Amino acid sequence: MKIGRILPQEFYNKSSLIIAKKLLGKVIERKTPEGRIQGIIVETESYGGRNDPASHASRKKTPRNQIMFGPPGFAYVYFCYGNHYLFNVVTDKEGIPSAVLIRAVEPVSGIDIMIKYYGKEIPAITSGPARFTKAFGIDKSFNGKPLFKGELVIRDTDFRDFKIVRAPRIGIKEGTDKLWRFYIKGNKFVSVK
DNA sequence: GTACTGATACTCT
DNA sequence: GAGTATCAGTACT
């Protein structure tokens, strides 16, 4: 697989449902003082849009979710369940609250750094939204950071030879009728099959 | 299956 | 301003 250029901001200026599918097979890259961490995105969920009761932004604009209302191509990182950070990519044009949650990646390089950030070595270190952020060392300070330049970026690849599975989203109470989770068929780093 | 964790958002003074 | 129910998860038995 070849890892290509950084995806430009315009890439994200579409509906989150489209971006959720397009991000599969792309590489998320974090530059750290210890070196580079890379992982293939293998599982995503789409949130937001106009009528999504499961979205943080479905009720009203708050200090926490305001980044979802902003321009596309930025990170939306938030803290939940007391000790987990979850990482989202803001999509669609400014004013429309939508985002894509990155749920799982497959490690490509910098695995030793992931283990260091995670604290211990486990087989599926990036399988799950909070595991992925922990292994990449992503925390609240990344909230609002651009993904088309800087320390944390997403790159294009030539990896297109996979099948996408549609499934209900995980861990939510409303909106479970919508098949807005997407993952790469057969990939062992997908958190829930 | 349960325990755990703490920020957030909401409901009261 | 203070109290509390909720939560897009993980680790453990």
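Predicted model only: the values in this text are computed from it and were never measured.
When the P atom of dA8(C) is taken as reference, atom CG of N83(A) falls 15 Å away, rounded to whole Å. Atom CD1 of I67(A) and atom C1' of dA7(B) are 18 Å apart (whole Å). As a whole-Å value, the separation of D139(A) CG from dA7(B) P is 13 Å. One atom, CD of E43(A), and another, C1' of dG9(C), lie 13 Å apart when rounded to the nearest Å. Between I125(A) atom CD1 and dG9(C) atom P there is a gap of 19 Å when expressed in whole angstrom units. In this structure, F79(A) atom CZ and dT10(C) atom P are separated by 13 Å, rounded to whole Å. Nucleotide dC7(C) holds its P atom 16 Å from the CD1 atom of I170(A), rounded to whole Å. We find that NE2 of H84(A) is positioned 16 Å from C1' of dT8(B), with the value rounded to whole Å.
When the nucleotides dA8(C), dG9(C), dT10(C) are ranked by their closest atom to the side chain of H56(A), dA8(C) comes out on top. Between dC7(C), dA8(C), dG9(C), one nucleotide has an atom nearer to the side chain of L101(A) than all others, and that is dA8(C). Distance from the side chain of I172(A) is smallest to dA8(C) among dA8(C), dT8(B), dT10(C). Looking at the side chain of Y78(A), the nearest of the listed nucleotides dA8(C), dG9(C), dA9(B) is dA8(C). Of the candidate nucleotides dA8(C), dG9(C), dC12(C), dA8(C) has the atom nearest to the side chain of Y47(A). Checking dA11(C), dG9(C), dA8(C) against every side-chain atom of R131(A), the shortest atom distance belongs to dA11(C).
Checked by atom type, the side-chain pair S191(A)/S127(A) shows no donor-acceptor distance below 3.5 Å.
In terms of hydrophobic clustering, with Ile, Leu, Val, Met, Phe, Trp and Tyr side chains grouped at heavy-atom distances under 4.5 Å, I170(A) and Y47(A) are assigned to different clusters.
If G171(A) and Y118(A) are placed on DNA chain C by their nearest nucleotide, the residue sitting closer to the 5' end is G171(A).
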- Take R103(A) and E45(A) through the salt bridge (Lys or Arg N to Asp or Glu O under 4.0 Å) test and state the conclusion after the steps. CA-CA 7 Å; R103(A) 288 191 54 86; E45(A) 280 182 21; 3.4 Å; yes
- Please assess K2(A) against D156(A) for the test salt bridge (Lys or Arg N to Asp or Glu O under 4.0 Å), listing each intermediate value before the final yes or no. CA-CA 9 Å; K2(A) 277 186 189 169; D156(A) 201 3; over 6 Å; no
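As judged by a 4.0 angstrom heavy-atom cut-off over every strand, A54(A) is placed among the base-contacting residues. Across all strands shown, R64(A) has heavy atoms under 4.0 Å from sugar-phosphate atoms exclusively, and none from any base.
The side chain of R103(A) places no N or O atom within less than 4.0 Å of a non-bridging phosphate oxygen (OP1 or OP2) of dA8(C). One finds no side-chain N or O of Y85(A) lying less than 4.0 angstrom from the OP1 or OP2 phosphate oxygen of dT5(B).
Side-chain contact check for E10(A) versus F148(A): every heavy-atom pair is 4.5 Å or farther apart.
With a cut-off of 3.5 Å on both Watson-Crick or G-U wobble distances, the partner of dA8(C) is given as none. dT13(C) is unpaired under the criterion used here, namely a Watson-Crick or G-U wobble arrangement in which both key atom distances are under 3.5 Å.
Interface remark: the Y81(A) side chain does not form any donor-acceptor pair with the dA7(B) base, using a distance-only criterion of under 3.5 Å.
Between H56(A) and Y78(A), the ring planes are perpendicular. Angles over 60° get that label, and only those under 30° would be called parallel.
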